[in-house]
Protein chains: 2
Amino acid sequence: MMVLSYDVTIMKPNTKLDELTSFYKLLANESRLAILLALRDGEDNVAGICGQTGLSQTLVSHQLAALHHSDVVRSRKDGRRTFYALADKHIDIIVGFALDHLAEKEVHHE
Amino acid sequence: MMVLSYDVTIMKPNTKLDELTSFYKLLANESRLAILLALRDGEDNVAGICGQTGLSQTLVSHQLAALHHSDVVRSRKDGRRTFYALADKHIDIIVGFALDHLAEKEVHHE
DNA sequence: ACATCATATGACAATACCATCATGTGTCAA
DNA sequence: TTGACACATGATGGTATTGTCATATGATGT
């Protein structure tokens with residue numbers, strides 16, 4: 001039972017397969033993905049991310065908490081703001097490759 | 001529900017975000033991921049995949065149908081068997097990079 | 001034709017997930 | 001210290017996904 005949602009207890013994955021699944025679950029949501037894509041352009045604070053994505057503050061905070069908990073993003077506090085950034089270059093590359101995959105699919109389909 | 005205002009045209013198009021989310025949803029399940037990892041070693045038929053993963057025939061068929069429907073795997077029939085394989089090299093690479101990401105995380109954590 | 005093998009499909013209960021509302025916590029300025 | 005600001009957290013209803021059971025389809029051998 002692998003639970004990812006912010007409103008339920010987050011469980012530590014035991015196996016590699018579990019870990020990999022948990023990782024992809026984080027990417028498998030429109031809101032979280034929008035946030036990650038926004039962060040590809042560089043770090044931003046919560047309000048900024050809300051502006052970039054059009055999502056509510058509450059939702060963004062929840063999703064960032066989930067992403068942060070799994071070390072997909074890192075955070076830095078500055079006064080009453082919190083800035084978030086992609087944790088490492090892999091995230092960026094993985095998203096890039098996925099976009100490539102989708103592009104290639106389109107070509108084959110016509 | 002994800003609502004993006006029209007004046008935020010700097011963002012990636014809605015459809016791309018949607019597509020990317022759908023793609024990751026396919027990878028965000030232990031059974032499907034186990035199947036994809038099994039197929040990294042080369043094509044295999046349903047019974048073979050069941051053997052490699054320990055999953056039931058019904059479940060494997062269901063998940064393969066989902067993966068096939070989204071062109072993540074391709075199929076080839078031979079008599080009464082159906083052989084499945086990863087649709088393109090991108091899948092392989094994406095999974096590889098994700099594993100790298102997890103490996104790097106572990107190093108940083110100890 | 002019949003039995004059997006290999007795989008596919010439909011329906012369904014259990015569970016997981018999502019977005020939202022209401023509210024809480026910490027920071028700064030006056 | 002009071003109020004506004006920036007963000008975090010808890011709970012909840014609605015919805016989507018998961019895996020299983022029962023059953024269907026199609027190919028092969030006798």
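Everything quoted here is computed from the prediction, not taken from an experiment. By convention in this document, chain letters (A, B, ...) are assigned in the order of the sequence lines, proteins followed by strands, and residues within each chain are numbered from 1.
Contacts between residues 78-85 of chain B and DNA chain D, counted as heavy-atom distances below 4.0 Å, involve B:Gly79, B:Arg80. Near DNA chain D, meaning a heavy atom under 4.0 Å from it, residues 48-63 of chain B has B:Ser56, B:Thr58, B:Leu59, B:His62, B:Gln63 in order of number.
Distance B:Glu30 CD to D:dT17 P: 18 Å, rounded to the nearest Å. What separates CD1 of B:Ile35 from P of D:dG19 is a distance of 9 Å, to the nearest Å. In this structure, B:Leu64 atom CG and C:dT9 atom P are separated by 11 Å, rounded to whole Å. Atom CG in B:Leu26 sits about 17 Å away from atom P in D:dA16, given to the nearest Å. The NZ atom of A:Lys25 sits 12 Å away from the C1' atom of D:dA16 (whole-angstrom rounding). For the pair A:Leu33 CG and C:dC18 P, the interatomic distance rounds to 12 Å; values are reported in whole Å.
Looking at residues two or more places apart in sequence or on another chain, you find no side chain to side chain contact (heavy atoms under 4.5 Å, CB included) involving B:Arg80.
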- Could you go step by step and tell me if A:Ser61 and A:Gln57 meet the side-chain hydrogen bond (donor to acceptor under 3.5 Å, both in side chains) rule? CA-CA 6 Å; A:Ser61 271; A:Gln57 180 269 311; 3.0 Å; yes
- Would A:Asn29 and A:Gln63 satisfy side-chain contact (heavy atoms from CB on, under 4.5 Å), going step by step from the backbone distance to the final call? CA-CA 10 Å; A:Asn29 167 265; A:Gln63 304 296 26; 3.5 Å; yes
- Assess whether side-chain contact (heavy atoms from CB on, under 4.5 Å) is satisfied between A:Arg40 and A:Leu37, documenting all intermediate values. CA-CA 5 Å; A:Arg40 285 187 95 195; A:Leu37 290 174; 3.9 Å; yes
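For the pair B:Tyr24/A:Ile94, a side-chain contact is recorded, criterion being any heavy-atom separation below 4.5 Å from C-beta on.
Contact check, B:Asn45 against C:dT7: a side-chain N or O comes under 4.0 Å of OP1 or OP2. Under 4.0 angstrom from either OP1 or OP2 of D:dG19 there lies at least one side-chain N or O belonging to B:Asn29.
Checked by atom type and distance alone, the side chain of B:Ser70 never pairs as donor or acceptor with a backbone atom of B:Val72 at under 3.5 Å. The backbone N or O of B:Arg81 sits nowhere less than 3.5 Å from a side-chain atom of B:Asp78 that would complete a donor-acceptor pair. Between the side chain of A:Arg32 and the backbone N or O of A:Leu26, at least one donor-acceptor pair lies under 3.5 Å.
Taking both residues in full, the closest heavy atoms of A:Ile49 and A:Asp44 are given as N-OD2, 3.6 Å, listed atom of the first, atom of the second, then distance.
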